[in-house]
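Only one structure is covered here, and it is reproduced in the block below.
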Amino acid sequence: MKHKFNTYDVIVVGAGHAGSEAAHIAAQMGSRVLLVTMNLETIAKMSCNPAMGGVAKGQIVREIDALGGMSAIISDYSTIQFRMLNRSKGPAMWSPRTQNDRVMFSLKWREVLEQTAGLDFIQDAVNEVIIDKGRAVGVKTGLGQTFYSKAVIVTSGTFMNGLMHIGQKQLKGGRMGDKASYGITEQLVSLGMESGRMKTGTPPRVDGRSLDYGRMDEQKGDEEPSSFSFRVPHKTEVQRSCHITYTNEEVHDILREHLHESPLFNGTIKSIGPRYCPSVEDKINRFAEKDRHQIFVEPEGWNTVEVYVNGFSTSLPQEVQEEAIRKIVGFEEVRIFRPGYAIEYDFFYPTQLSLSLETKAIENLYFAGQINGTTGYEEAACQGLMAGINAHLKINDHEPFVLSRSDAYIGVLIDDLINKGTDEPYRMFTSRAEYRILLRQDNADLRLMPKAFKLGTIDQQTYSKLEHKIAERDAALDFYRSTTVKPSEINPILESLDTPGLNQNYFIDKVLSRPQMSTNELLKVERIQDGVGAYGFEALEQAEIEVKYEGYLKTEAENVSKMERLEHIRIPNDFNFSAVSSLSAEAKEKLTKIKPSSVGQASRISGVSPADMSVLLVHFGR
């Protein structure tokens with residue numbers, strides 16, 4: 001029976017990284033939201049490594065922040081180490097990463113959610129989505145409760161029919177210590193949706209007091225740590241070091257001797273694991289020519305001795321794990337708190353979704369996170385954010401919010417999932433983004449905050465800060481392009497940088513465009529310090545990147561413009577591709593299945609050839 005206590009606008013199933021972002025943003029936008037989780041103590045738990053960001057993933061965290069999500073703010077709050085990766089490369093490759101306090105991260109997420117108006121919680125398992133006339137209208141739980149809503153977002157992580165493996169031991173669950181969930185897969189498959197199985201794994205957690213850090217390489221954080229969030233920047237003043245050590249042939253010999261006991265190699269696990277984060281037994285098998293593999297020794301927080309052994313994911317029997325890990329330098333006396341394990345779980349092929357993350361088969365039902373075949377907190381969180389935004393928009397009769405491949409890494413991720421699909425855990429890399437020079441971590445606010453402000457997911461004060469930053473950047477660029485510097489002012493600096501001096505006055509932007517020159521060096525010139533020295537660091541960084549990479553940025557923008565022309569050629573939702581005789585059989589099949597909304601989207605579907613594209617362009621009058 002429907003009444004105010006069991007009726008909501010949006011119901012979110014699962015409170016991991018995807019579910020937390022989805023529930024928060026939908027409530028922030030004005031929906032009344034119910035967040036259903038099997039355990040209120042593990043909201044937004046870092047099930048794997050206690051870290052956020054990294055290559056391409058750090059860009060996603062900043063994009064989440066620019067759109068009004070919370071992952072960046074909470075990462076900054078719980079940071080125990082900050083590093084900007086790939087500083088030796090161009091700015092398109094710079095990627096922020098934090099080591100986090102696992103407990104603080106989860107507790108802060110729960111605090112934020114509890115303080116979000118319009119958001120309710122219930123601890124229970126959902127085993128059925130209520131569907132009426134092809135539309136999701138609520139959920140039923142394991143305790144027999146019924147809740148109704150206008151939209152449902154499923155963010156089930158690794159919990160749907162989850163099965164853990166440690167050697168020959170099998171444990172039902174979605175994560176060590178937590179139950180699995182049942183019912184949703186079977187229900188949706190019975191309605192014609194297509195599911196599969198995936199596998200992921202995690203390494204042992206060990207007692208840091210039993211490690212010999214003096215025999216490892218110390219990895220400190222940045223001397224001047226930054227932060228993820230543009231909106232609420234919080235920089236940690238104290239940091240904890242990580243350490244690096246390596247496996248060796250002795251470790252490998254033990255692992256090889258027991259490969260037959262690994263569920264990955266004896267046929268027990270048949271599903272596909274993450275290609276780019278393999279188990280240690282998979283690494284010694286696939287890369288047999290290597291005599292060692294890197295191990296990152298990562299602290300779990302400020303007030304714990306527990307350590308995460310990054311690079312040693314395994315599903316071998318516990319006694320084998322102990323024997324092998326004690327042969328690693330610095331681990332000779334190690335005590336294991338928790339063994340590593342592999343986990344298999346259900347997912348649904350993401351080609352069954354629209355670009356808004358709504359399922360095509362069931363209206364107002366959204367999927368986000370590992371249920372769509374992705375791996376990683378960041379990939380899950382951004383999907384949750386987008387699903388939450390779009391569920392709210394849909395039930396309020398607004399057009400969906402879709403990011404293109406030139407807008408954001410988030411747009412690349414969703415576009416890849418929907419148009420190419422995946423049958424192995426999908427992880428984001430900079431190489432997946434063809435416009436990565438435009439999609440940098442430093443300009444995520446410039447790219448996305450105007451869209452977020454229009455959506456209503458960031459406030460006027462935040463947007464005014466962005467406008468101020470843009471004004472300072474533009475003023476700095478105007479100054480660089482219209483002001484010359486004298487040889488007597490700049491040559492001592494150029495000589496110290498081992499680059500030729502000037503023999504006449506030069507515009508400042510031409511000097512700054514030199515690879516050796518930086519804003520910090522420019523500001524040593526008193527006249528330049530007087531001109532732009534009062535501007536913020538981020539504005540000056542943007543101006544420097546604009547100057548140094550002007551040609552590349554212009555070329556990239558032209559490429560985007562060409563591609564956008566195809567996005568404007570719309571395809572009706574009910575278009576019959578089978579009736580276009582000149583299309584290949586594979587193209588007809590793929591186009592009919594995915595139902596692209598534009599010729600641009602059609603061009604990115606696997607199996608649609610350049611010849612098929614020519615047919616579509618002719619058919620639609622171009």
Side-chain angles (χ1 to χ4, degrees), residues 1-44 70 109-157 159-160 174 178-188 190-191 193 348 356-359 361-369 371 384-385 387-398:
M1 184 178 195
K2 292 185 182 181
H3 52 72
K4 66 177 182 179
F5 297 113
N6 70 346
T7 303
Y8 292 85
D9 296 316
V10 177
I11 294 174
V12 179
V13 180
H17 298 260
S20 296
E21 287 285 9
H24 173 264
I25 200 70
Q28 285 284 93
M29 295 178 77
S31 284
R32 187 161 177 260
V33 179
L34 176 66
L35 180 58
V36 189
T37 174
M38 293 194 293
N39 189 349
L40 283 167
E41 306 304 317
T42 57
I43 287 174
M70 291 302 299
W109 247 121
R110 179 164 176 171
E111 178 188 331
V112 165
L113 293 172
E114 287 181 348
Q115 293 175 354
T116 301
L119 176 54
D120 289 347
F121 306 83
I122 192 75
Q123 181 170 292
D124 205 343
V126 170
N127 51 27
E128 182 182 342
V129 178
I130 303 171
I131 299 168
D132 182 31
K133 298 176 181 176
R135 178 178 297 184
V137 295
V139 299
K140 290 183 180 179
T141 74
L143 293 178
Q145 301 181 90
T146 301
F147 297 95
Y148 297 96
S149 64
K150 299 172 185 175
V152 175
I153 304 172
V154 180
T155 67
S156 51
F159 283 76
M160 289 201 306
D178 288 307
K179 298 181 297 182
S181 66
Y182 303 95
I184 292 179
T185 301
E186 294 76 9
Q187 177 198 8
L188 297 181
S190 74
L191 295 172
M193 295 193 70
F348 282 84
S356 67
L357 298 181
E358 183 182 18
T359 63
I362 301 165
E363 191 176 355
N364 292 1
L365 176 64
Y366 294 78
F367 289 168
I371 190 173
L385 181 79
I389 289 171
N390 280 314
H392 173 84
L393 293 174
K394 176 72 183 291
I395 64 178
N396 287 283
D397 299 321
H398 296 301

Original post:
Closest approach of Asp9 and Arg32, non-hydrogen atoms and distance?
Top reply: OD2-N, 2.7 Å

**OP:** Walk me through it: do Asp124 and Thr141 pass the test side chain to side chain donor-acceptor pair (under 3.5 Å)?
**Re:** CA-CA 6 Å; Asp124 205 343; Thr141 74; 2.5 Å; yes

Going by atom type alone, with no hydrogens or angles, which donor-acceptor pairs under 3.5 Å involve a side-chain atom of residues 15-30 and a protein atom two or more places apart or on another chain?
unit_1	atom_1	unit_2	atom_2	d
His17	NE2	Lys45	O	3.2
Ser20	OG	Ala15	O	3.4
Ser20	OG	Gly16	O	2.8
Glu21	OE1	Met70	N	3.1
Glu21	OE2	Met70	N	3.1
Glu21	OE2	Ser71	N	2.8
Glu21	OE2	Ser71	OG	2.6

**OP:** Would you mind reporting whether Met160 and Ile184 have side-chain heavy atoms less than 4.5 Å apart?
**Re:** yes

Subject >> Positive for side chain to side chain contact (heavy atoms under 4.5 Å, CB included) with Val13, one of Thr155, Val139, Thr37 >> reply: Val139

**OP:** Please answer whether the main-chain N or O of His398 pairs with a side-chain N or O of Asn396 as donor and acceptor at a distance below 3.5 Å.
**Re:** no

**OP:** Output, in order, the C-alpha distance, side-chain angles, deciding distance and verdict of side chain to side chain contact (heavy atoms under 4.5 Å, CB included) for Phe121 and Leu113.
**Re:** CA-CA 9 Å; Phe121 306 83; Leu113 293 172; 3.7 Å; yes

**OP:** Report yes if some heavy atom in the side chain of Ile362 is under 4.5 Å from a heavy atom in the side chain of Val152; otherwise report no.
**Re:** no

**OP:** Please examine the side chains of Ile11 and Val33, heavy atoms only from C-beta on, and report whether any two atoms are closer than 4.5 Å.
**Re:** no

Original post:
After noting the C-alpha distance and the side-chain angles of Arg110 and Leu40, does the key distance pass the side chain to side chain contact (heavy atoms under 4.5 Å, CB included) rule?
Top reply: CA-CA 8 Å; Arg110 179 164 176 171; Leu40 283 167; 3.8 Å; yes

Original post:
ring pair (Phe, Tyr, Trp, His ring centres under 6.0 Å) between Phe367 and Phe348: does it pass, once the steps are laid out?
Top reply: CA-CA 9 Å; Phe367 289 168; Phe348 282 84; 5.4 Å; yes

Original post:
Roughly how far, to the nearest 0.5 Å, is CG of Leu35 from CG of Asp120?
Top reply: 10.0 Å

Original post:
Does the pair Gln123 and Met38 meet the rule for a side chain to side chain contact (heavy atoms under 4.5 Å, CB included), with working shown?
Top reply: CA-CA 5 Å; Gln123 181 170 292; Met38 293 194 293; 5.8 Å; no

Original post:
Going through the distances and angles, do Tyr366 and Asn390 end up as a side chain to side chain donor-acceptor pair (under 3.5 Å)?
Top reply: CA-CA 9 Å; Tyr366 294 78; Asn390 280 314; over 6 Å; no

Subject >> CZ on Arg135 to CG on Leu365, rounded to 0.5 Å >> reply: 12.5 Å

Subject >> Exercise: do Lys394 and Asn364 side chains pair donor with acceptor under 3.5 Å >> reply: yes

Subject >> Residue pair Asn6 / Tyr148, side-chain donor-acceptor N/O under 3.5 Å >> reply: no

Original post:
Rounded to the nearest 0.5 Å, how far does CD1 of Ile389 lie from CG of Leu393?
Top reply: 7.5 Å

Original post:
When rounded to the nearest 0.5 angstrom, what distance separates OG in Ser149 from OH in Tyr8?
Top reply: 10.5 Å

**OP:** Nearest 0.5 Å please: distance from the CG atom of Asn127 over to the CD atom of Glu186.
**Re:** 10.0 Å

Subject >> Side chains of Val137 and Val129 in contact at under 4.5 Å (non-hydrogen atoms) >> reply: no

Original post:
With a 4.5 Å limit on heavy-atom distance, are the side chains of Ser31 and Val10 in contact?
Top reply: yes

Subject >> Side chains of Thr359 and Met193 in contact at under 4.5 Å (non-hydrogen atoms) >> reply: yes

**OP:** Tell me, with the steps shown, if Ile371 and Ser156 meet side chain to side chain contact (heavy atoms under 4.5 Å, CB included).
**Re:** CA-CA 6 Å; Ile371 190 173; Ser156 51; 3.7 Å; yes

Subject >> Within-4.5 Å side-chain heavy-atom neighbours: Ile122 and Gln145 >> reply: yes

Original post:
Can you check whether Ile131 reaches Gln187 side chain to side chain, under 4.5 Å on heavy atoms?
Top reply: yes

Subject >> Under 3.5 Å donor-acceptor, Asp178 side chain and Gly174 backbone >> reply: no

Subject >> Gln115 (side chain) donor-acceptor with Val112 (main chain) under 3.5 angstrom >> reply: no

